[in-house]
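Presented below is the structure to which this report refers.
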Amino acid sequence: MSSSPNHTLHGLNAPQREAIHYMDGPCLVLAGAGSGKTRVITTKIAQLIEQYGYDARNIAALTFTNKAALEMQERIAKLLQQPKQAKQLTVSTFHSLGVKILRQEAKELGLKDRFSIMDSDDCFSIVQDLAITTDKQLIRRIQTAMSLWKNGMVDPDTALKQAKDEDEAQAARIYRNYVATLSAYQAVDFDDLIRLPVELFRNNEAVRDKWQRRLRYLLVDEYQDTNTCQYELVKLLVTGVGKKPMFTAVGDDDQAIYAWRGATIENLKQLQTDFPDLNIIKLEQNYRSSTRILQAANAVIGNNPKLFEKSLWSEHGLGDPIKVVAMPDDEQEAEQVAIMLSAHKFERRAKFSDYAILYRGNHQARVIEQALRRERIPYTISGGQSFFDRAEIKDIIAYLRLIANQDDDPAFIRAVTTPKRGVGQATLETLGAFAGQWQCSLFEAVFKGGLEAKLADRQLTPLREFCNFINNLEAHAHREGHAASLLDDMMKEINYEGYLYDAFDERQAQGKWQNVIDFTTWLKEKGSGGKDGSDDHRSLLDLTQMVALMSMLEGKDEEPDAVRMSTLHAAKGLEYPHVFLVGVEEGILPHKGDPDAPVDTLAARIEEERRLMYVGITRAQRSLHVTWCKKRKRAREHVHCDVSRFIKEMKLDEGDAVPTEEETITPQNRLANLKALLQKPKAA
DNA sequence: CCAGCGGCATTTTTT
DNA sequence: ATGCCGCTGG
């Protein structure tokens, strides 16, 4: 390997090299599963800096998750001769970039730069108030509808006009109020983080120009997952008069599995229309899986109408036969999988961490977990609730949000009621009505004249005390150098620990308090490590806004040798030597959709399910086991299940064993079967 | 009327 | 396991 700057190009195939070196304009890289797409993006960025003379500050790479962004940045740093340059890059999620833009351009949008970011729980409460209902399902539906409208850049008026029935019209009216409410709170939701920059860039040439000069080369990862709004942002960032659009989008239409949250593969077609000189490069060589696995994957996805002809191939051998096993029911499936996995691991001298068990829905994890425990197989479940979504963490964040933005009513309500300080539902309702009358925030209303007439001293006093307390904290944050002392003061003052031990049992309280300590420690680290200590207020705000975008980012202290359990959605982008794909039945995969869901078409839904199957198959490097159940415990009854159409679509041949029911393992014949499994000669 | 308990269903997920 | 709805008893 040479030590020239080009050593990073070593071992790339021809289309990969082309994708990296193509600098004449817009470029779309159709990267099949396992074809080295991340390598292309990271290498291209390194090349932009080292070969093409780009300043790292002028390059942006957009991803969908913090994890992906972080990983990408780390990989780029390793490729660069001066790894420090990687820090200058904008490698972030769409949403983080949105925050950055909004923060800097808030004034242009009539937003204070200390705006709050509402999470979906806050938004839920807002909708709950606006819709005057307690029907959680209805609220969810309205929330989803509003999110899809925002992501599709449909404004409330248009939504109302297009409403097909009274329910939709109702949702559209709530949507209108919701937008107004957020604006009153000086708050934005996650969707706004993309939508507002788009609106700004559309309406303000100068600002748009500024950002175009700032971000001169754009790379977009997982392009097939972009929604209308995100694509619009990309377009606005790269399209300028007399300027060549410079970007590389990387994606795979066969792995588009997020249509249900607004992503649209229309964006892939649209790219060709909007950029007629788009250079399309296909990466079809797969470096991940055996040929047999790829054949099955290709066969399945071949049933979908294709946007771009694409066929994966591999230099790896044929590999192990794919095993499809029918199970009597879901409990036995779980047990069989556990046993098969054990045997397989023993036989291959593999590690537990070489295995993944993938399923369609989270609830399927339950039985499997139990079986793995019985078999003493260590496992980790991917996903799970995020650290930042825990109630105790949100409580603390509410205080920080309120200190930063006193108009943030949801934060006010949460903070003022947790811990309890004599402000209850009735007081808040009166205060809310009063604030509504004066068109001001709850916080402001507390000090407005006339409130005395509405509230008894007994109610008013704790409110005023609370607000004074927040004001003191704010002054403190302004005065002091760091967020650290503020946090300590605050925690002591509100006696959060005492509250926890009061409201929960010993064990729970202990865990929660530890979480709070971890969180504040983490916050302090981040806070003191900040760049400009000039305005501390800022840095506190920085932290709260950053935290709002955090989900599962964290020093996962994993790496114990454990089997990975994951939904198919969460497994995208990952790979495992050995994969068990379970519950492959009609109704599960493909999943039977809601009968009264907003139906696009049945075909479209099946196609997305098929892509999900494709994603599942292509996670496997060396071996793939697919199981399905003849019966499944549904509520109280065992209901009959049919094998998934996708299994037939894999077009498996003789080499792929399909044991009958008699061959399945019961506790009684387990030992014999274990031996049989171990002795079964393996192909190749 | 509200609280507490018991029975029942349960897509996918990020920011 | 969890959360949600509905029913019952105080």
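Protein chains get the first letters and strands the later ones, always in sequence-line order, with residue 1 at the start of each. As the structure is a prediction and not an experimental result, all values here were calculated from the model.
- Between A:Thr567 and B:dT13 there is a side-chain polar atom (N or O) within less than 4.0 angstrom of OP1 or OP2.
- The OH atom of A:Tyr258 sits 7 Å away from the P atom of B:dT13 (whole-angstrom rounding).
- Between A:Asp407 and A:Arg114, none of the side-chain N atoms (NZ, or NE/NH1/NH2) sits under 4.0 Å from a carboxylate O, so this pair counts as no salt bridge.
- Atoms CD (A:Glu608) and P (B:dT13) sit 12 Å apart, rounded to a whole Å.
- Shown here is A:Lys631, whose NZ atom has no more than 12 heavy atoms of other residues, nucleotides or ligands within 6.0 Å.
- Rounded to whole Å, the distance from CG on A:Leu62 to P on B:dT14 is 19 Å.
- Rounded to a whole Å, the CD atom of A:Glu222 is 14 Å from the C1' atom of B:dT13.
- Under the 4.0 Å criterion applied to side-chain N and carboxylate O atoms, A:Glu232 and A:Lys235 are assigned as salt-bridge partners.
- Counting non-hydrogen atoms under 4.0 angstrom, A:Asp191 reaches nothing in the nucleic acid.
- Atom CD in A:Gln137 sits roughly 18 Å away from atom P in B:dC8 (whole-Å rounding).
- Taking only side-chain atoms of A:Thr65, from C-beta outward, the nucleotide of B:dT11, B:dT13, B:dT14 with the closest atom is B:dT14.
- In plain terms, the two heavy atoms of A:Phe190 and A:Ser120 that are nearest each other are CE1-N, 4.3 Å.
- A:Asn362 has its CG atom 5 Å from the P atom of B:dT12, to the nearest Å.
- The ring of A:Phe190 does not lie on top of the base of B:dT14; it is either too far (5.5 Å or more) or too tilted (30° or more).
- In this structure, A:Lys37 does not pair ionically with A:Asp252, as no charged nitrogen and carboxylate oxygen lie closer than 4.0 Å.
- Looking at A:Arg610 and A:Glu607, no side-chain N of the basic residue comes within less than 4.0 Å of a carboxylate O on the acidic one, giving no salt bridge.
- The aromatic ring of A:His569 does not stack onto the base of B:dT12, failing the criterion of a centre distance under 5.5 Å from the six-membered base ring together with planes under 30° apart.
- You can see that DNA chain C meets the heavy atoms of chain A within a 4.0 Å-exclusive cut from C:dA1 to C:dC4, reading 5' to 3'.
- The distance from atom CD of A:Gln364 to atom P of B:dT11 is 11 Å, rounded to the nearest whole Å.
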Name the atoms and distances for all side-chain donor-acceptor pairs under 3.5 Å in residues 361-370 of chain A, with sequence neighbours left out.
{"residue": "A:Gln364", "atom": "OE1", "partner": "A:Arg360", "partner atom": "N", "Å": "3.0"}
{"residue": "A:Gln364", "atom": "OE1", "partner": "A:Gly361", "partner atom": "N", "Å": "2.7"}
{"residue": "A:Glu369", "atom": "OE2", "partner": "A:Tyr379", "partner atom": "OH", "Å": "2.9"}

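- In this structure, CZ of A:Arg140 is placed 12 Å from P of B:dT12, rounded to the nearest angstrom.
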